[in-house]
Amino acid sequence: MLDIIKKKRWIILFGLIALAIISYMLRERYLSLILCFIAINSIAVTGLDVLFGYTGQVSFGHAAFYALGAYGSTLLSIRLGLPPLLTIVLGGLIATIFGIIIAFPASKLVKHFLSLLTIAFGQMVYMFVSVT
């Protein structure tokens with residue numbers, strides 16, 4: 001057991017420092033908001049890392065899925081009066097459904113054609129959100 005701790009002591013030390021910073025940030029409202037933005041953007045960038053890093057494909061549509069989930073969650077919460085935790089899950093499902101719909105035609109595209117499809121999808125979502 002001590003050998004495992006000795007080998008991973010830098011990871012454990014980094015984790016404890018990160019935990020101390022996070023616990024300090026949660027004490028103040030502004031720093032808590034910054035921490036939420038860091039977490040949300042980390043999730044969004046992880047998807048880009050998987051797509052571009054492992055497949056070499058370029059996608060410009062990640063912001064559209066991000067917007068669909070956030071906008072859907074907000075509309076469900078405001079217009080239908082659903083609890084925010086439920087609307088967050090439903091917003092993720094909305095983005096997932098649109099992702100599945102886009103994935104079928106996108107799976108046949110390569111190189112710059114995938115980029116063009118995702119740009120077009122992002123613009124359609126932007127137009128939809130701007131009008132409503």
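Heavy-atom basis, side chains included; hydrogens, waters and symmetry copies ignored.
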J.: With rounding to the nearest 0.5 angstrom, report the CD1 to OG1 distance, I101 to T96.
T.: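 Between atom CD1 of I101 and atom OG1 of T96 there are 11.0 Å.
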
J.: Could you tell me which non-hydrogen atom of S115 sits nearest to which non-hydrogen atom of T118, and how far apart they are?
T.: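 Here S115 and T118 meet closest at O-OG1, 2.9 Å.
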
J.: Say whether L19 and I11 are linked into one hydrophobic cluster, either directly or through other cluster members, by side-chain heavy-atom distances under 4.5 angstrom.
T.: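 Cluster IDs for L19 and I11 differ.
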
J.: What's the shortest heavy-atom distance between I38 and S42, and which atoms?
T.: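 Closest approach of I38 to S42, heavy atoms only: O-OG, 2.7 Å.
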
J.: Starting at CG of L117, measure out to CZ of F113 and round the result to the nearest 0.5 Å.
T.: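 Rounded to the nearest 0.5 Å, the CG-CZ separation comes to 11.5 Å.
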
J.: With clusters defined by side-chain heavy atoms of hydrophobic residues (ILVMFWY) lying less than 4.5 Å apart, directly or transitively, does I40 cluster with V45?
T.: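 Cluster IDs for V45 and I40 differ.
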
J.: Under the criterion side chain to side chain contact (heavy atoms under 4.5 Å, CB included), I'd like the reasoning laid out for T74 against I78: C-alpha separation, chi angles, the key distance, then a yes or no.
T.: CA-CA 6 Å; T74 302; I78 291 174; 3.6 Å; yes

J.: Is Y66 reachable from F128 through a run of I, L, V, M, F, W or Y residues, each pair having side-chain heavy atoms under 4.5 Å apart?
T.: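 Not linked; separate clusters.
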
J.: Compare every heavy atom of L68 with every heavy atom of I94, then report the nearest pair and how far apart it is.
T.: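 Smallest heavy-atom distance, with atoms named: CG2-O, 4.3 Å.
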
J.: Looking only at the aromatic ring of each residue, does the gap between the centers of F65 and F121 stay below 6.0 angstrom?
T.: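 Yes; F65 has its ring centre under 6.0 Å from that of F121.
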
J.: Please determine whether side chain to side chain contact (heavy atoms under 4.5 Å, CB included) holds for the pair Y126 and V131, giving the CA-CA distance in whole Å, both sets of side-chain angles, and the decisive distance to 0.1 Å.
T.: CA-CA 9 Å; Y126 174 73; V131 172; over 6 Å; no

J.: Looking at every heavy atom in both A106 and L114, which two are closest together, and how far apart are they?
T.: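 Minimum heavy-atom contact is CB-CD1, 3.7 Å.
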
J.: Could you grab the distance from atom NE2 of H112 to atom CG of L116, nearest 0.5 Å is fine?
T.: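 Reported to 0.5 Å precision, the distance equals 6.5 Å.
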
J.: Assess whether side chain to side chain contact (heavy atoms under 4.5 Å, CB included) is satisfied between S77 and L82, documenting all intermediate values.
T.: CA-CA 5 Å; S77 181; L82 296 174; 5.8 Å; no

J.: Without swapping roles, check the side chain of S130 against the backbone of M127 for a donor-acceptor pair under 3.5 Å.
T.: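 Not confirmed, S130 side chain does not pair with M127 backbone.
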
J.: Atom CD1 of I97 and atom CG of L90: how far apart are they, to the nearest 0.5 Å?
T.: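 These two atoms lie 9.5 Å from each other.
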
J.: Output the distance between atom OG (S32) and atom CD1 (I34), rounded to the nearest 0.5 Å.
T.: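 Nearest 0.5 Å value for the OG-CD1 distance: 9.5 Å.
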
J.: Say whether Y30 and L35 are linked into one hydrophobic cluster, either directly or through other cluster members, by side-chain heavy-atom distances under 4.5 angstrom.
T.: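 Yes.
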
J.: To the nearest 0.5 Å, what is the distance between NE2 on H62 and CZ on F52?
T.: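 So the gap between those two atoms works out to 12.0 Å.
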
J.: What about I102 and V125, same hydrophobic cluster or not, with Ile/Leu/Val/Met/Phe/Trp/Tyr joined at side-chain heavy-atom distances under 4.5 Å?
T.: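 Per the 4.5 Å side-chain linkage, I102 and V125 are co-clustered.
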
J.: Is it true that atom CG of L80 has more than 12 heavy atoms of other residues, nucleotides or ligands lying nearer than 6.0 Å?
T.: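 For L80, atom CG is crowded (more than 12 foreign heavy atoms under 6.0 Å).
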
